[in-house]
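These figures come from a predicted structure and were not determined experimentally.
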2 protein chains.
Amino acid sequence: MKSTRNTTAKSAIQSLLQQSNTALSHKEIQTEVGELCNRVTIYRILDRLVEEGEIHKIINTDGVIKYAPCHQCDSNHQHNHDHVHFSCVKCDSVTCLDNVQPSYNLPPNYQVQEVNFTLSGICPNCITC
Amino acid sequence: MKSTRNTTAKSAIQSLLQQSNTALSHKEIQTEVGELCNRVTIYRILDRLVEEGEIHKIINTDGVIKYAPCHQCDSNHQHNHDHVHFSCVKCDSVTCLDNVQPSYNLPPNYQVQEVNFTLSGICPNCITC
DNA sequence: TTAGGAAATGCAACTAAATTGCATTAAATT
DNA sequence: AATTTAATGCAATTTAGTTGCATTTCCTAA
């Protein structure tokens, strides 16, 4: 039986993501946690949290991976995210729009496993500036 | 006035993308064109073609950038792609489903500029294997 | 409460992808 | 054909992510 442990670094990163209202990249997390743990450790913690269904990856439109908490995932079944992400070109923030679920009609014989919907543009915070 | 030139390498890459029925990554293009031009040149040609509205970028679910021809874009206005992309986890192919346009309802004050919709799963070619 | 096994970490080295500067080459216009 | 400037090649550099291994730290069972 493989077990997972609660370390200080893991807890810190997890609560960091929980409290953030935008998705965070590895680099953003690194500058945030500072000297708390090593660069490599952050990679491994993020992998673990994804594995455990605590957070999910969002591939931003510029290719940078961002991380955000999950709401309905666990470690048993695979990630299930059908919501839209919004990527702001001004402030570079990525947010989960958990309530926005797009609909589409696929041709036959496509078997969908995962979904990545990202809109880019100006977010409400930046639209007034 | 900035002008753009038709070089052999550019033409080769352009027709390569036109004739492919899947989107191609930089690496795939590189192995295809072989010694025709330098690695770096491929990067620059792809950037130019995107700039000119000939091709568009697709960020695959694994973060790899793929390129596919545009149908309704030009160099004057920005890229306008609202179609779905399908990424097959078996054969690693990415295809444009130009006829599949998802619908969604955004909260107010979001100003959408570009769209990146990618579904991953099993494509029709691989579903029988 | 602690002793021991396994998970997690740090560090250094490595790999892969993409970018930059600069000298050289080759389109396109006259 | 001459000219000018976009495009290319090459080498070096940056950036992101991975791997191996020794060490540390967590957690459970005695």
Side-chain angles (χ1 to χ4, degrees), chain A residues 1-17 23-68 74-75 87 92 94 116 118, chain B residues 1-17 23-68 74-75 87 92 94 116 118:
Chain A
M1 49 180 176
K2 54 184 175 183
S3 73
T4 183
R5 296 179 183 175
N6 280 328
T7 64
T8 50
K10 183 186 170 189
S11 305
I13 291 176
Q14 196 166 0
S15 73
L16 187 66
L17 287 167
L24 300 177
S25 66
H26 173 273
K27 192 193 279 184
E28 289 165 332
I29 293 170
Q30 192 180 347
T31 57
E32 204 65 36
V33 300
E35 297 298 309
L36 176 67
C37 72
N38 190 267
R39 210 170 64 82
V40 179
T41 303
I42 300 177
Y43 281 115
R44 298 197 260 227
I45 287 176
L46 290 172
D47 284 347
R48 231 183 308 152
L49 288 173
V50 169
E51 191 76 18
E52 295 170 8
E54 297 286 342
I55 64 176
H56 63 286
K57 284 188 184 185
I58 306 160
I59 312 286
N60 199 359
T61 41
D62 59 1
V64 173
I65 300 176
K66 300 255 188 173
Y67 297 88
D74 60 56
S75 56
S87 171
D92 199 42
V94 172
N116 204 299
T118 303
Chain B
M1 53 182 175
K2 55 183 175 185
S3 73
T4 182
R5 296 178 182 174
N6 280 326
T7 63
T8 49
K10 183 187 169 189
S11 305
I13 290 175
Q14 196 165 0
S15 73
L16 185 66
L17 287 167
L24 301 177
S25 66
H26 174 273
K27 192 194 277 185
E28 289 166 332
I29 292 170
Q30 191 180 348
T31 56
E32 203 65 36
V33 301
E35 296 299 308
L36 176 66
C37 71
N38 190 267
R39 214 169 61 82
V40 180
T41 304
I42 299 177
Y43 282 115
R44 298 197 261 228
I45 288 175
L46 290 171
D47 284 347
R48 231 181 308 151
L49 289 173
V50 169
E51 191 77 16
E52 296 169 8
E54 299 286 343
I55 64 176
H56 63 286
K57 285 187 184 185
I58 306 160
I59 312 288
N60 199 358
T61 42
D62 59 1
V64 174
I65 300 176
K66 299 255 188 172
Y67 297 89
D74 59 57
S75 55
S87 170
D92 199 42
V94 172
N116 204 299
T118 304

Q | Separation of atom CG in A/N60 from atom C1' in D/dA16, rounded to whole Å | A | 16 Å

Q: State whether B/T41 places a side-chain N or O below 4.0 Å from either non-bridging phosphate oxygen (OP1 or OP2) of D/dG9.
A: yes

Q.
Has A/E28 got a side-chain atom pairing as donor or acceptor with A/S25's backbone, closer than 3.5 angstrom?
A. yes

Q | Nearest-angstrom distance from the residue atom CD of B/E28 to C1' of C/dA17 | A | 15 Å

(Q) Below the 4.0 Å mark, does D/dG17 have OP1 or OP2 next to a side-chain nitrogen or oxygen of A/R39? (A) no

Q) Given atom CG of A/L36 and atom P of C/dA8, what is their separation to the nearest angstrom? A) 16 Å

Q) Is a side-chain N or O of B/H26 found less than 3.5 angstrom from the main chain of B/I42, in a donor-acceptor match? A) no

Q.
With a 4.0 Å cutoff (strictly under), does any side-chain N or O of A/T7 reach OP1 or OP2 of C/dT9?
A. yes

Q. Does B/N38 have a side-chain nitrogen or oxygen under 4.0 Å from the phosphate oxygens OP1 or OP2 of D/dT8?
A. no

**Q.** Length of the line joining B/I59:CD1 and C/dA18:P, which is rounded to integer Å
**A.** 10 Å

Q) For the side chain of B/S11 and the backbone of B/T7, is there at least one donor-acceptor N/O pair under 3.5 Å apart? A) yes

Q | Length of the line joining A/D62:CG and D/dA16:C1', which is rounded to integer Å | A | 13 Å

Q. Which whole-number value in Å describes the distance from B/H26 NE2 to D/dA16 P?
A. 18 Å

(Q) For B/N6 and B/V40, find the nucleotide of DNA chain D closest to each by heavy atoms; which residue's nucleotide sits nearer the 5' end? (A) B/N6

Q) Can you find a pair of side-chain heavy atoms, one from B/I65 and one from B/I58, that are under 4.5 Å apart? A) no

(Q) Rounding to an integer number of Å, can you tell me how far A/D47 CG sits from D/dG17 C1'? (A) 10 Å

Q: Provide, to the nearest angstrom, the distance between the CG atom belonging to A/L49 and the P atom belonging to C/dA8.
A: 10 Å

Q: Report yes or no: do B/N116 and A/T61 form a side-chain donor-acceptor pair below 3.5 Å?
A: no

Q) Side-chain N or O of A/K10 less than 4.0 angstrom from OP1 or OP2 on C/dA8? A) no

**Q.** hbond_proxy A/R5 side chain to C/dA6 base (donor-acceptor, 3.5 Å cutoff)
**A.** yes

Q: Establish whether the base of D/dG9 is bridged to the side chain of B/R44 by a donor-acceptor pair shorter than 3.5 Å.
A: yes

Q: Look at the side-chain N and O atoms of A/T4 and state whether any lies under 4.0 Å from the OP1 or OP2 oxygen of C/dA7.
A: no

